[in-house]
Trainee: 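I'd like to ask some things about the structure below.
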Amino acid sequence: METRESTGKAAPLLAVRGIYKSFALNAVLKGIDLDVMPGEVLALIGGNGAGKSTLMKIIMGIYSYDQGELSINGAAVALNRPSDALAQGIYMVPQEPLLFPNMTVEENVIIGFDKSKAELHKELVDTMAGIGWNLDLGRKASSLSIAEQQLVEILRGILRHARLLILDEPTSALTFDEVKSLFGVVRDLREKGIGIIYITHRLAEVFDIATHVAIMRDGSITIQGPVENFTREDLVKGLLPPDAEVSAQTRTAAASEVDYSARPVLELENFSGYGFSNVSLKVWPGEILGVAGVVGAGRTEMATTIFGMDKVLGGRVLLNGNDITGKKTRQVILAGLNYVPEDRHLNGLFKICDVSANTTSASLYGGALGRVFLNRKAEYDITEKYVKNFRTKITGHDQLTGSLSGGNQQKVVIGRSLATSPGIVILDEPTRGIDAAARGDVYHIIQQLREQGLSILLISSDMEELEELADRVVTMYQGRINAEFRGTDINQDHLTAAAFGIVGQEAKGI
């Protein structure tokens, strides 16, 4: 590969040359060559298990590598521990926030500095004012939403004046305005000569913010270069294995096949809880009802309250005509409703248990795996079904779920909910953190389930996803449903506008 030094330009801020890394017999990185120049935003894209996390951990000094070389500004460096990377001006903002829950926002940001608290406080306040973010510095981290935790992590990196900033899925839990602010920060950092590795699964962001792009697949860089040299189709094709078939992502006419004269599977009547109020909707057999909205609109709060995780403040929930309002989660599952949570780490996984135990744990309620002794064959068959259908990358059913990549963990959570054979399932951001190939698998599974008569309440911030999959879409704004869309009216423009409250009047007759 022609490196950028050979073109006569300045040495890269970071140069990765011939990096190999294996875990036992599993070759994870297979000769990675990568450059990041000062003032450059390199979008790094790759499927789950492609090796992105391993490469970043090597750059951060968390992992050693088997072969190769790392250079900073043309000089070879040894990054044997995270403190070595920090000393070289490298800072990584993780996808999943790692905050001290009992410390305040300010304490989480300034921890590890040698400066006085007064000096750090002024610098932090000035930084936030320049960005346009408004966080209560005295709040405990345990009280923050996922979006707010992400902002704290980004502040940590900015305050440390990193020369190379690694952002791992930084917008996955941010609102539209917060994303705009973040992009403004990224552009300011570029002008100051900061190099940025921007890891994302959102291809639109590559063209919005990146100057260069690199695609990783199976431990190798398959495509890299200036963003203007590629189209969205090029990137999608580069993400998929050579023998993969790209699923046709076109909306089906399934909505016309839904029998709206039948009894609804799920009915909410003036349903209220913490974060939402007076929500009324119906989901019919074999229907995918999409729920759009921005962070804080009340969608997840509505789902967790239906599922028995939070207190009902008013209204009713009917499942197949039976009142399940305020029932415990176990009772809701046995009644025929299951839920895939938005936050897989907080509510979705037993990280120290294996894939098999995680996939079948909810099935224990109904005795499907035996009343007294565990039916190992049934456990194996259920696990194998979803591992194959979702193309989950595992070394075996006994692999600890906490050791899987984020996307593969999400697949396990989805499989567990479907393993209880529900009549309706609530999918809350089911493709969050999932790569293009796996996303196609999940879409295919969702469509198959709908064809089999399963009803789905699909909560998603991805308007393109809702446009493709949903038979109807309702939007939530400030805790209430404010619009409903059907047929050709389900498009990204309509959904985005309604999610931000831009509608003529509240939808009627939902």
Side-chain angles (χ1 to χ4, degrees), residues 13-14 36 41-42 44 52-53 56-62 72 79 81-175 178-190 192-200 209 295 343 345-346 406:
L13 175 60
L14 170 71
V36 182
V41 178
L42 173 69
L44 183 62
K52 303 187 305 296
S53 295
M56 294 305 106
K57 288 177 180 178
I58 286 174
I59 294 172
M60 282 301 302
I62 298 171
I72 301 291
L79 304 178
R81 56 187 67 85
S83 58
D84 294 338
L86 292 172
Q88 291 290 341
I90 304 172
Y91 189 85
M92 181 173 178
V93 176
Q95 178 184 0
E96 302 295 341
L98 299 172
L99 305 184
F100 296 98
N102 294 321
M103 293 172 62
T104 66
V105 169
E106 182 167 0
E107 289 168 341
N108 268 284
V109 173
I110 67 175
I111 189 170
F113 280 97
D114 293 330
K115 301 177 184 177
S116 69
K117 288 186 178 180
E119 186 179 357
L120 288 168
H121 177 78
K122 182 179 185 306
E123 188 172 350
L124 178 56
V125 170
D126 290 345
T127 299
M128 289 177 59
I131 298 171
W133 289 350
N134 183 23
L135 279 174
D136 181 353
L137 297 179
R139 279 179 64 185
K140 290 289 182 69
S142 58
S143 71
L144 301 176
S145 67
I146 294 178
E148 290 168 330
Q149 292 177 48
Q150 187 73 60
L151 298 182
V152 174
E153 283 284 9
I154 293 170
L155 280 172
R156 279 176 165 176
I158 294 173
L159 210 65
R160 281 160 175 77
H161 306 294
R163 291 187 294 165
L164 177 66
L165 191 64
I166 302 171
L167 302 180
D168 189 359
E169 294 283 350
T171 63
S172 61
L174 302 186
T175 66
E178 289 166 343
V179 170
K180 285 181 62 178
S181 295
L182 172 65
F183 283 2
V185 170
V186 170
R187 292 185 181 100
D188 287 343
L189 294 173
R190 278 182 53 196
K192 295 175 182 177
I194 304 298
I196 297 173
I197 298 177
Y198 190 98
I199 303 172
T200 183
I209 197 62
V295 173
D343 190 335
H345 294 281
L346 182 63

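In what follows, residues are counted from 1 in the order of the sequence shown. Because the structure is predicted, anything quoted here is derived from the model rather than measured.
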Trainee: After noting the C-alpha distance and the side-chain angles of I166 and Y91, does the key distance pass the side-chain contact (heavy atoms from CB on, under 4.5 Å) rule?
Mentor: CA-CA 6 Å; I166 302 171; Y91 189 85; over 6 Å; no
Trainee: Please round to the nearest 0.5 Å and tell me the distance separating atom CD1 of I59 and atom CD1 of I90.
Mentor: 7.0 Å
Trainee: Are H121 and V125 side-chain neighbours, meaning at least one heavy-atom pair lies under 4.5 Å?
Mentor: yes
Trainee: How far apart are the C-alpha atoms of V41 and L189, what are their side-chain angles, what is the distance that settles it, and do they pass the side-chain contact (heavy atoms from CB on, under 4.5 Å) test?
Mentor: CA-CA 10 Å; V41 178; L189 294 173; over 6 Å; no
Trainee: Name all residues meeting the salt bridge (Lys or Arg N to Asp or Glu O under 4.0 Å) criterion together with R190; count only those two or more places apart in sequence or in a different chain, and write none if there are none.
Mentor: none
Trainee: With rounding to the nearest 0.5 angstrom, report the CD1 to CD distance, I158 to E123.
Mentor: 11.5 Å
Trainee: Looking at F113, I want to see if its CZ is surrounded by more than 12 non-hydrogen atoms of other residues, nucleotides or ligands under 6.0 Å.
Mentor: yes
Trainee: Is there side-chain contact between V93 and P170, with at least one heavy-atom pair below 4.5 Å?
Mentor: no
Trainee: Kindly indicate, with the supporting measurements, whether the criterion side-chain contact (heavy atoms from CB on, under 4.5 Å) is fulfilled by L164 and Q88.
Mentor: CA-CA 9 Å; L164 177 66; Q88 291 290 341; over 6 Å; no
Trainee: Pick from I199, V36, L14: which one makes a side chain to side chain contact (heavy atoms under 4.5 Å, CB included) with L42?
Mentor: V36
Trainee: Got a second to check how far I194's CD1 is from I196's CD1, nearest 0.5 Å?
Mentor: 7.5 Å
Trainee: State which residue, out of L98, L137, N108, fulfils the side chain to side chain contact (heavy atoms under 4.5 Å, CB included) condition with V152.
Mentor: N108
Trainee: Rounded at 0.5 Å granularity, tell me how far CE in M60 sits from OG in S53.
Mentor: 13.0 Å
Trainee: Taking only residues at least two apart or on different chains, which pairs with a member in residues 151-166 satisfy salt bridge (charged side-chain N to carboxylate O under 4.0 Å, His left out)?
Mentor: E153-R156
Trainee: Are I62 and L79 close enough that some pair of their side-chain heavy atoms sits under 4.5 Å apart?
Mentor: no
Trainee: Salt-bridge test for K192 and D188: reply yes if a basic N is under 4.0 Å from a carboxylate O, no otherwise.
Mentor: no
Trainee: If you take all heavy atoms of G61 and A85, which pair is closest and at what distance?
Mentor: N-CB, 4.5 Å
Trainee: How many angstroms lie between atom CE of M92 and atom CE of M56, to the nearest 0.5 angstrom?
Mentor: 7.0 Å
Trainee: Once side-chain hydrogen bond (donor to acceptor under 3.5 Å, both in side chains) is applied, do any residues pair with S143, and if so which ones, sequence neighbours excluded?
Mentor: R139
Trainee: K117: what forms a salt bridge (Lys or Arg N to Asp or Glu O under 4.0 Å) with it, not counting sequence neighbours?
Mentor: none
Trainee: Please list, chain by chain and in numerical order, all residues satisfying salt bridge (Lys or Arg N to Asp or Glu O under 4.0 Å) with R81, sequence neighbours excluded.
Mentor: D84
Trainee: By salt bridge (Lys or Arg N to Asp or Glu O under 4.0 Å), which residues pair with E107, not counting sequence neighbours?
Mentor: none
Trainee: From L155 CG over to E106 CD, what is the distance, rounded to the nearest 0.5 angstrom?
Mentor: 11.0 Å
